[in-house]
Amino acid sequence: MANNGLIEVPMGITLREIIYDIGGGMPGGKACKAVQTGGPSGGCLLASLLDIPVDFDSLTAAGSMMCSGGMVVIDEDTCMVDVARYSLGFTQRESCGQCLPCRLGTKQMFDILDDITKGRSRPEDIDLLLELGEAVGRTSLCGLGQSAPNPVLTTIRYFRDEYEAHIQEKQCPADVCKMPSSGVS
Ligand code: SF4
């Protein structure tokens, strides 16, 4: 957004009002591609969902959450697989290690995402991420592990075509990832 910072808004305001009326819109005339709400373990919502109200139930129904109230607005030049990898890397490092699903599950998910963004993916990786994400979220002891898979599950839900391009064609549509054929280094 053009204007970054701390704001206080009423419950029920839409994401669009926050981004365009208060935030001043997207810099450089770029399109908004997604919004991650709730911090690094929040879900990434498709730009077509900008008119949903910001409240606990609506964000949860869309696959994200309110949590800290943090919001990251993502532009059209961003790779959503890389966003998932970055977000999960953060929560994986924050894991205290007490319970196995969070300690090892997030590590395994991160390694799969890292492989996908480096052109080392396997055809079954999307299904494996979905299975692991569901298990980690359901069986972790505290909110960190329970919410950590959100960025992965929502980027697969809303941007599955980007995962498929990385896995099947070994291409990063945003030309962000270090794919063997992309020349990005
Ligand atoms: S879910 Fe919570 S208790 Fe379990 S390892 Fe993660 S941070 Fe620790």
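Both counts, for ligands and for their atoms, begin at 1 and track the order of listing.
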*Any side-chain heavy atom of Tyr20 sitting closer than 4.5 Å to one from Met26?*
yes
_Contacts of type side-chain hydrogen bond (donor to acceptor under 3.5 Å, both in side chains), residue Thr106, not counting sequence neighbours_ = none
*Listing by chain and number, what protein N/O/S atoms are under 2.8 Å from atom 6 (Fe) of ligand 1?*
Cys102 SG
*List, by chain and then residue number, the residues other than Val136 in its hydrophobic cluster (Ile/Leu/Val/Met/Phe/Trp/Tyr, side-chain heavy atoms under 4.5 Å); write none if there are no others.*
Val81, Leu88, Met109, Phe110, Ile112, Leu113, Ile116, Ile126, Leu128, Leu129, Leu130, Leu132, Val152, Leu153, Ile156, Tyr163, Ile167
_side chain to side chain contact (heavy atoms under 4.5 Å, CB included) against Glu134, all qualifying residues, sequence neighbours excluded_ = Arg138
*Hey, is the main chain of Lys33 close enough, under 3.5 Å, to the side chain of Glu76 for a donor-acceptor pair?*
no
*asked:* What I'd like to find out is whether the side chain of Arg85 reaches to under 4.5 Å of the side chain of Cys177, using heavy atoms alone.
replied: no
